[in-house]
K.L.:
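Pasting in a structure now, in structure tokens, and then I'll have a few things to ask.
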Amino acid sequence: MTDTRSLLATLLSQAAEDAGATLSTDEARDLLTEPPRREMGDIAFPCFVLSKQLRTSPAAIATTLCDAIAGAVSDAPALGGVNAAGPYLNFTVDSAYHAAGVLRAATDEGYGRGSEGEGQTIGIDFSSPNIAKPFGIGHLRSTSIGNALGNIFRMLGYRVVGINHLGDWGTQFGKLMFAYESWGNEEALVKDPITHLYDLYVRFHKAAEEDETLLDEGRAWFKRLEDGDEQATAYWQRFRDLSLREFERIYERLGVSFEHYWGEAYYNDMLAPLVEDLDRAGLTEVSDGAVVVDMSELDMPPCLIVKADGATLYATRDLAAARYRYEQLQFKQFLYIVGAEQTVHFRQVFEVLRRMNYSWAEDCHHIPFGRIHGISTRKGTLVFLDDILNKGKERVAEIMADKPFSDQERELITEQVTVGAVLFYDLSRNRIKNYDFDWDLMLRGLRPGESGQTGPYLQYTHTRLASLERQYIETHGELPDPAAVDYALLGEDAARALITHIEKFPELLRHAARDYEPAQVSRYAIEIAELFNSFYSGGHKVVSEDRALSAARITLANATRRTLATSLGLLGVPLPARM
RNA sequence: GCGCUCGUAGCUCAGCUGGAUAGAGCAUCGGACUUCUAAUCCGACGGUCGCAGGUUCGAAUCCUGCCGAGCGCGCCA
């Protein structure tokens with residue numbers, strides 16, 4: 001517990017100074033860790049750093065400090081004892097005192113909420129699908145990671161502004177228009193816009209392999225669009241609207257939303273002024289007819305600003321977007337949730353911003369992530385995320401076939417389990433890693449006798465916890481007041497381990513935010529579920545005749561359930577009422 | 001060729017930013033349902049942390065080189 005650690009820091013600092021060393025309470029507090037095994041104690045203090053100052057072995061220092069503070073430790077109600085173990089000083093905390101502090105906090109509504117972000121804005125550019133292509137598996141990661149990070153930062157008090165940087169501009173639009181003019185079909189477009197647009201896109205590229213002049217046709221159409229041509233603009237509006245409607249359906253399915261749909265096209269009017277400013281600042285030069293910012297001193301290829309035909313590029317729009325976003329949001333940080341393959345692009349963009357002397361350039365961060373493999377693709381065909389989810393849903397439904405749910409409830413649960421499985425799997429490894437899309441791994445634990453570190457496992461654990469609360473209420477009435485519970489009844493190892501873990505939740509959120517790493521929350525959720533299931537299956541009946549014991553245990557269960565639910569909520573994993 | 005990222009148990013992954021015997025899940029083997037959802041739990045087996053050097057009292061963690069994999073390298077996004 002926080003004040004317990006502060007108390008220890010004060011004691012240690014004092015004792016160290018009496019022994020002739022310099023150690024501030026803050027330093028002492030930072031050094032506190034946990035012993036590798038529970039039997040050794042609850043909090044540990046390593047004496048290595050003092051060894052240089054005192055020119056003695058760490059072990060000897062541990063013994064000295066142990067003697068020095070033993071009295072104070074035994075007087076403190078929060079502490080159980082202290083002993084020296086080699087170079088470490090191990091403390092045990094008073095179980096009941098500790099449990100009371102942790103569980104009173106964790107049964108409160110806003111457990112884990114922080115205030116460090118108050119008054120600060122974080123912008124997140126995430127998901128950002130390309131209109132000319134279907135929403136495929138490749139967009140899943142940006143969407144899930146961006147959403148989770150946004151949730152985490154909101155939890156810490158930040159104002160989070162999610163921006164969907166829709167790929168609704170660029171040469172690929174020109175290609176699409178040319179393709180529609182050549183082979184398009186109004187009927188097919190209305191019936192299934194995404195598929196039709198995608199078919200056109202594929203057909204274009206196939207045809208372009210035979211006849212390279214088509215690429216010029218595409219570029220020409222895009223140039224028309226940029227010049228405000230009426231026909232091109234009408235196509236653009238149409239394609240965009242139809243695609244967006246489709247995307248919104250998927251976002252709803254995934255439980256994701258955005259503050260703004262500021263696509264690439266949104267910044268069109270800001271491009272010319274940007275290029276002027278770059279010129280005026282003397283950052284640009286002409287190379288092979290294109291306007292570029294040279295990056296050779298950083299061993300990077302030049303950043304392309306304007307193509308030889310006068311049209312703009314991705315980087316141009318990202319630069320204009322960055323300026324606009326800062327004007328609008330005055331962000332403290334801006335995060336670009338984009339795949340690792342675009343690392344160089346963002347380095348270039350941030351470098352240009354830096355050369356333009358924007359102090360906030362250093363607050364822009366590319367948050368890269370690895371790729372998903374293993375989706376069987378017929379050659380040249382992307383697989384729609386929607387179809388993938390539906391396929392998974394069939395598997396889930398099959399496994400759940402013998403569960404006694406109504407059709408309506410079954411439909412809801414299978415959807416929640418499927419989405420939860422995919423999102424959790426995606427967020428369960430450090431984001432930089434590549435992974436294979438594999439239903440067997442995502443759904444492991446769904447079948448009786450199986451188990452696994454999966455979304456369904458967590459959802460199941462949560463439903464059990466909720467079920468316990470219902471049964472407690474049936475048996476004993478309302479849930480107990482956490483202030484009036486006898487926490488000495490939670491002294492078992494399994495309970496103490498769980499309490500210690502619940503205590504770490506607020507700190508965990510800060511780490512996850514610091515590292516932009518939702519997987520830390522995922523792992524935490526797995527751990528808390530495993531600790532609870534271990535307690536639950538270890539012969540500790542929660543709801544029993546024993547009123548006081550039941551009250552203590554249901555308070556622990558409630559704190560666990562809330563913490564687990566908050567964690568899963570941050571990750572976007574839905575919580576079925578029953579499973 | 002150059003650059004970035006990754007390499008930990010048969011498989012999928014952690015390892016709190018150098019510290020006490022490297023941890024989980026899956027798989028394998030052996031256990032636990034007349035008891036709050038066994039979609040669970042308990043135990044066993046399993047690792048020269050890619051290789052070789054270096055820094056340090058101490059390295060999976062930091063540095064260098066090599067090997068392997070993924071990605072990127074001017075008018076796509």
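Numbers restart at 1 for each chain; the letters A, B, ... are given by sequence-line order, proteins then strands. If you're wondering where the values come from, they're calculated on a predicted model, not measured in any experiment.
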K.L.:
Both distances under 3.5 Å, Watson-Crick or G-U wobble: on that basis, could you give the dot-bracket string for RNA chain B, with [ ] for crossing pairs and | for other-strand partners?
P.N.:
(((((((..((((.....[...)))).(((((.......))))).....(((((..]....))))))))))))....
K.L.:
Based on the glycosidic angle (syn within 90° of 0, else anti), state the conformation of rC73(B).
P.N.:
anti
K.L.:
Give S57(A) one of three labels, base, sugar-phosphate or nothing, depending on what nucleic acid heavy atoms sit under 4.0 Å from its own.
P.N.:
nothing
K.L.:
With rounding to whole Å, what would you report as the distance between rC57(B) and rC2(B) at their C1' atoms?
P.N.:
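Those two atoms are separated by 40 Å.
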K.L.:
Write down the distance separating the C1' atoms in rA24(B) and rG15(B), rounded off to the nearest Å.
P.N.:
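It comes out at 10 Å once rounded to the nearest Å.
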K.L.:
Contact class for G170(A) vs. all strands (heavy atom < 4.0 Å): base, sugar-phosphate, or nothing?
P.N.:
sugar-phosphate
K.L.:
Is R496(A) salt-bridged to D493(A), cutoff N-O under 4.0 Å?
P.N.:
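Salt bridge absent between R496(A) and D493(A).
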K.L.:
With a non-hydrogen cut-off below 4.0 angstrom, is N90(A) in contact with a base, only sugar-phosphate, or nothing?
P.N.:
base
K.L.:
Between V292(A) and R347(A), who's closer to the 5' end of RNA chain B by nearest nucleotide?
P.N.:
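The residue closer to the strand's 5' end, by nearest nucleotide, is R347(A).
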K.L.:
In terms of side-chain heavy atoms of N130(A), which of rA38(B), rG72(B), rA77(B) is nearest?
P.N.:
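Of all the options, the side chain of N130(A) is nearest to rA77(B).
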K.L.:
Tell me what A290(A) touches on the nucleic acid: a base, only sugar-phosphate, or nothing, going by heavy atoms under 4.0 Å.
P.N.:
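The answer is base, as A290(A) lies within the cut-off (heavy atoms under 4.0 Å) of a base atom.
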K.L.:
For the pair made of CZ in R141(A) and C1' in rC71(B), what is the distance, rounded to whole Å?
P.N.:
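One finds 14 Å between C1' of rC71(B) and CZ of R141(A), rounded.
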K.L.:
Touch check for P46(A), heavy atoms < 4.0 angstrom, all strands: base, sugar-phosphate only, or nothing?
P.N.:
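The answer is nothing, as P46(A) stays clear of every strand by at least 4.0 Å.
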K.L.:
Report, one pair per line, the protein and nucleotides 42-45 of chain B atoms (nitrogen or oxygen only) whose separation is under 3.5 Å.
P.N.:
unit_1  : atom_1 : unit_2  : atom_2 : d
rC42(B) : OP1    : S534(A) : OG     : 3.1

K.L.:
Would you please name every residue forming a side-chain contact (heavy atoms from CB on, under 4.5 Å) with S57(A), sequence neighbours left out?
P.N.:
A59(A), A60(A)
K.L.:
Take atom C1' in rC11(B) and the same atom in rG47(B), then report the distance between them in whole Å.
P.N.:
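That atom pair is separated by 14 Å.
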K.L.:
Between rG46(B) and rA14(B), how far apart are the two P atoms, rounded to whole Å?
P.N.:
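Those two atoms are separated by 24 Å.
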K.L.:
In B/S/- notation, 5' to 3', how is nucleotides 7-16 of chain B contacted by protein heavy atoms closer than 4.0 Å?
P.N.:
S----SSSSS
K.L.:
Which pairs with one or both residues in residues 420-430 of chain A pass side-chain hydrogen bond (donor to acceptor under 3.5 Å, both in side chains), sequence neighbours excluded?
P.N.:
R141(A)-D426(A), S144(A)-D426(A), Y425(A)-R429(A), D426(A)-Y435(A), N430(A)-R523(A)
K.L.:
Can you tell me how far CD1 of I137(A) sits from NE2 of H373(A), rounded to the nearest 0.5 angstrom?
P.N.:
12.0 Å
K.L.:
What is the distance from CZ of R371(A) to C1' of rG70(B), rounded to the nearest Å?
P.N.:
8 Å
K.L.:
Would you measure the distance from the C1' atom in rA22(B) across to the matching atom in rG65(B) and give it in whole Å?
P.N.:
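Rounded to whole Å, the distance is 26 Å.
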K.L.:
Respond yes when some side-chain nitrogen or oxygen of R219(A) is under 4.0 Å from OP1 or OP2 of rC76(B), and no when none is.
P.N.:
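For R219(A), the contact criterion (side-chain N or O under 4.0 Å from OP1 or OP2 of rC76(B)) is met.
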K.L.:
Classify P36(A) by what it touches in the nucleic acid, base, sugar-phosphate, or nothing, heavy-atom distance under 4.0 Å.
P.N.:
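Counting heavy atoms under 4.0 Å across all strands, the contact made by P36(A) includes a base.
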K.L.:
H540(A) has an atom NE2; how far is it from atom C1' of rC41(B), in whole Å?
P.N.:
12 Å
K.L.:
Say we look at rG3(B) and rU56(B): how far apart would their P atoms be, to the nearest angstrom?
P.N.:
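Here rG3(B) and rU56(B) have their P atoms 28 Å from each other.
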K.L.:
Distance from N130(A) atom CG to Q172(A) atom CD, nearest 0.5 Å?
P.N.:
4.5 Å
K.L.:
Restricting to side-chain contact (heavy atoms from CB on, under 4.5 Å), what partner residues turn up for L531(A), sequence neighbours left out?
P.N.:
A497(A), L498(A), H501(A)
K.L.:
Strictly by salt bridge (Lys or Arg N to Asp or Glu O under 4.0 Å), give each pair with a member in residues 541-558 of chain A just once, sequence neighbours left out.
P.N.:
E492(A)-R553(A)
K.L.:
Rounded to whole angstroms, how far apart are OH on Y267(A) and P on rA77(B)?
P.N.:
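Those two atoms, OH and P, are 16 Å apart.
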K.L.:
Provide the distance between the two P atoms, one in rG54(B) and one in rU8(B), to the nearest whole Å.
P.N.:
24 Å
K.L.:
Can you tell me the distance, in whole Å, between the CD atom of Q172(A) and the P atom of rC76(B)?
P.N.:
11 Å
K.L.:
Could I get the full list of salt bridge (charged side-chain N to carboxylate O under 4.0 Å, His left out) partners for R355(A), not counting sequence neighbours?
P.N.:
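With sequence neighbours excluded, R355(A) shows a salt bridge (charged side-chain N to carboxylate O under 4.0 Å, His left out) to E351(A), given in chain and number order.
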K.L.:
Could you tell me whether F45(A) and F91(A) have their ring centroids closer than 6.0 angstrom?
P.N.:
no
K.L.:
If I pick the P atom on rA60(B) and the same atom on rG74(B), what distance separates them, to the nearest angstrom?
P.N.:
40 Å
K.L.:
Got a salt bridge between D440(A) and R395(A), using NZ or NE/NH1/NH2 to carboxylate O under 4.0 Å?
P.N.:
yes
K.L.:
Does the side chain of T171(A) get closer than 4.0 angstrom to OP1 or OP2 of rC76(B) through an N or O atom?
P.N.:
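Answer is yes, contact under 4.0 Å.
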K.L.:
Picking from rG74(B), rA20(B), rC36(B), which would you name as closest to the side chain of P35(A)?
P.N.:
rA20(B)
K.L.:
Starting at atom CG of D125(A), determine the distance to atom C1' of rA77(B), rounded to an integer number of angstrom.
P.N.:
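Taking CG of D125(A) and C1' of rA77(B), I get 12 Å after rounding.
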K.L.:
Taking only N/O atoms, report every protein-nucleotides 59-63 of chain B pair under 3.5 Å with atom names and distance.
P.N.:
none

K.L.:
Write down the distance between CZ (R464(A)) and C1' (rC33(B)), rounded to a whole number of angstrom.
P.N.:
11 Å
K.L.:
For a quick test of your reading: what N or O donor-acceptor pairs under 3.5 Å do the side chains of residues 336-345 of chain A make, sequence neighbours left out?
P.N.:
unit_1  : atom_1 : unit_2  : atom_2 : d
Q342(A) : OE1    : Y314(A) : OH     : 2.8
T343(A) : OG1    : A340(A) : O      : 2.6
H345(A) : NE2    : D318(A) : OD2    : 2.7

K.L.:
State which residues pass ring-ring contact (aromatic ring centres under 6.0 Å, His included) with Y472(A); sequence neighbours excluded, sorted by chain then number.
P.N.:
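H476(A).
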K.L.:
At under 4.0 Å between heavy atoms, what does G86(A) touch on the DNA or RNA strands: base, sugar-phosphate, or nothing?
P.N.:
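No contact.
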K.L.:
Whole-Å distance between rG72(B) P and Q348(A) CD?
P.N.:
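Atom-to-atom, Q348(A) to rG72(B), this comes out as 15 Å.
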K.L.:
Are the side chains of W169(A) and E226(A) in contact, using a 4.5 Å heavy-atom criterion?
P.N.:
yes
K.L.:
Name the residue closer to the 5' end of RNA chain B, choosing between L446(A) and L89(A) according to the nucleotide with the nearest heavy atom.
P.N.:
L89(A)
K.L.:
Across the strands shown, which category fits M400(A) at heavy-atom distances under 4.0 angstrom: base, sugar-phosphate, nothing?
P.N.:
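Base contact - M400(A) has a heavy atom under 4.0 Å of at least one base atom.
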K.L.:
Would you indicate which nucleotide in rU35(B), rA77(B), rC73(B) comes nearest to any side-chain atom of K541(A)?
P.N.:
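The nucleotide sitting nearest to the side chain is rU35(B).
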K.L.:
Consider only side-chain N and O atoms of T500(A) and D42(A), and report whether a donor and an acceptor are under 3.5 Å apart.
P.N.:
no
K.L.:
Give me syn or anti for rU17(B), where syn covers glycosidic angles within 90 degrees of 0.
P.N.:
syn
K.L.:
Rounded at 0.5 Å granularity, tell me how far CG in L458(A) sits from CG in L564(A).
P.N.:
6.0 Å
K.L.:
Do Q459(A) and T463(A) have a side chain donor and acceptor closer than 3.5 Å?
P.N.:
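Side chains of Q459(A) and T463(A): no pair found under 3.5 Å.
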K.L.:
By side-chain contact (heavy atoms from CB on, under 4.5 Å), which residues pair with R224(A), not counting sequence neighbours?
P.N.:
W221(A), D229(A), Q231(A), A232(A)
K.L.:
Do any side-chain nitrogens or oxygens of R317(A) fall under 4.0 Å of OP1 or OP2 in rA77(B)?
P.N.:
yes
